[in-house]
Amino acid sequence: MVNAGAMFSLFYGLLCFCALGCSQLASGQADDGKRFICRAIPLSGDASCPVTLLPELNAGSQEEELRNTVMQLRETILQQKENISKQQGTINELTTKLSLCASATDDRKYDKGGSWGKEKQNTMGDVPRDPNDSIDSLGKTMQGLKDRLENLEQHQMRANVSGASFPSELRDLLQRRLGELEKQLLKKVSNLEEEKSMLSNATAAYRLKTESTLNALVERISELEKGGGDFKSPEQFKLSLPQRTNYLYGRITKSLPEMYAFTLCMWIKSSATPGIGTPFSYGVPGQANEIVLIEWGNNPIELLINDKVAQLPLEVRDGRWHHICISWTTRDGQWDAYQDGAKLGTGDNLAAWHPIKPGGVIILGQEQDVVGGRFDAGQAFVGELSQVNIWDRILKPAEVQAMANCSSYIPGNVISWLASNVEVFGRGAFKRPLEVCQERLPNA
């Protein structure tokens with residue numbers, strides 16, 4: 001506004017000066033209506049050249065010309081006023097944007113727990129809450145402000161061409177404001193990047209914690225399904241294999257040493273037909289049938305030693321608990337079979353002079369075609385097993401009878417029946433509490 005007023009005063013003074021000159025000319029000499037034109041001629045030229053007279057100008061024409069000049073100057077001044085007003089409006093808008101951006105930095109704080117704070121209005125009219133969207137939006141806002149500054153500079157260039165000067169103070173103020181706003185935006189972008197990194201780290205930590213908790217829960221559920229450890233005593237549990245499949249079985253974690261005699265005892269309960277399947281198998285590298293107890297089809301229960309077979313006179317397929325023991329010695333291949341404390345059969349020449357090989361795998365409920373695997377569902381055991389013990393000697397008949405009538409319990413010195421020694425595989429196979437011994441007796 002100050003520059004416009006000064007310009008207006010300048011033009012007004014010029015008009016007054018012109019009017020004063022005209023009045024002095026009128027008062028100095030009489031106006032005869034003639035005007036002369038001064039023209040440069042060469043030195044060799046004719047000095048008596050004709051003089052060209054201007055057309056007569058009357059007072060009305062002079063007044064009209066002055067009026068047109070004043071109107072043009074007035075329009076120019078009004079245009080400059082309008083440009084300056086627009087520039088001041090732009091400055092005010094930029095100042096408002098800067099204030100809003102500064103207030104946004106103070107108001108919108110990030111929650112340390114890894115989530116955004118309460119919902120508020122967007123601080124710059126179009127800043128979203130998501131960090132990625134905020135960065136993109138701030139970049140667009142910055143580019144828009146730069147474009148507006150370029151427009152102002154173009155206005156300056158047009159004003160300079162038209163003869164008006166763009167105020168240097170205004171240009172410097174815009175540059176400073178834009179620089180400050182750019183610093184504020186860069187700082188906010190940096191804060192958003194930092195918040196995004198913190199949020200990502202918190203999410204990763206929460207994911208790891210959740211996965212760890214779920215894994216612990218799955219392990220606990222698996223232990224509960226397998227019946228791990230929650231028994232009155234370590235041997236008071238049973239292995240339940242309710243279906244004839246090739247994926248339900250138990251595995252004893254220990255192996256056998258080299259043996260020249262052994263006794264195998266267990267409690268067994270099954271009503272499966274035809275045949276109860278394979279309650280016990282021991283395989284070693286090179287011989288998957290090192291020791292096998294199996295009943296398949298309509299055949300009687302068979303004992304296999306090094307793939308040699310002896311049929312046993314045992315009948316346990318009545319859905320009741322039975323205590324059975326099988327003893328064997330490499331000397332002449334002698335074997336004995338007990339059921340419920342009574343010796344029901346004996347024989348010899350079963351893998352005579354063959355020592356039991358060490359380092360094999362003991363599987364409960366499946367017959368091994370290779371060591372530890374390749375099971376056949378048709379030979380799977382269906383029922384319940386408990387207190388599977390192995391000794392590296394021949395038990396006395398009195399010891400077998402004492403265990404069968406519940407008067408004593410003798411754990412095996414090679415393999416003892418403990419919950420920690422038995423692993424269960426397959427959904428549906430469980431380790432469960434065992435009934436008391438008296439309830440397992442045939443006459444109970």
Side-chain angles (χ1 to χ4, degrees), residues 1-11 75-203:
M1 293 297 290
V2 175
N3 292 335
M7 191 176 295
F8 181 81
S9 300
L10 177 62
F11 287 119
E75 291 178 359
T76 301
I77 292 172
L78 291 177
Q79 290 177 358
Q80 294 300 322
K81 286 183 177 180
E82 183 177 357
N83 289 336
I84 292 173
S85 177
K86 291 180 179 179
Q87 293 165 2
Q88 289 180 343
T90 302
I91 292 173
N92 293 333
E93 184 178 357
L94 291 176
T95 303
T96 303
K97 289 284 187 177
L98 181 59
S99 300
L100 290 174
C101 184
S103 63
T105 304
D106 295 335
D107 292 341
R108 299 195 61 180
K109 298 297 183 181
Y110 183 75
D111 187 1
K112 296 297 182 180
S115 61
W116 291 92
K118 295 182 178 179
E119 295 184 356
K120 299 180 181 178
Q121 292 183 348
N122 292 340
T123 56
M124 294 188 67
D126 57 350
V127 180
R129 295 181 175 86
D130 184 71
N132 292 328
D133 297 340
S134 298
I135 295 173
D136 295 340
S137 180
L138 290 174
K140 294 178 181 179
T141 303
M142 191 67 195
Q143 185 62 38
L145 294 176
K146 289 183 178 180
D147 294 341
R148 300 180 83 168
L149 179 60
E150 291 178 358
N151 292 333
L152 291 176
E153 291 177 349
Q154 292 177 2
H155 282 300
Q156 176 190 5
M157 294 176 62
R158 287 196 296 268
N160 291 336
V161 171
S162 63
S165 61
F166 190 81
S168 60
E169 294 84 358
L170 179 60
R171 184 179 62 254
D172 295 339
L173 178 60
L174 288 175
Q175 291 287 355
R176 288 195 304 272
R177 291 292 189 182
L178 185 59
E180 293 174 359
L181 181 58
E182 185 175 3
K183 291 180 181 179
Q184 293 287 339
L185 293 177
L186 291 176
K187 183 178 180 181
K188 188 168 185 64
V189 170
S190 178
N191 292 337
L192 289 174
E193 289 287 351
E194 183 178 357
E195 292 171 358
K196 180 181 178 181
S197 177
M198 293 174 60
L199 180 61
S200 177
N201 294 336
T203 302

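- Within a 6.0 Å sphere centred on CD of E194, other residues, nucleotides and ligands contribute 12 heavy atoms or fewer.
- The backbone N or O of L186 lies less than 3.5 Å from no partner atom in the side chain of S190, so there is not a single donor-acceptor pair.
- Going from atom NZ of K188 over to atom CD of E195 covers 7.5 Å, rounded to the nearest 0.5 Å.
- Atom CG of N191 and atom NZ of K196 lie 14.5 Å apart (nearest 0.5 Å).
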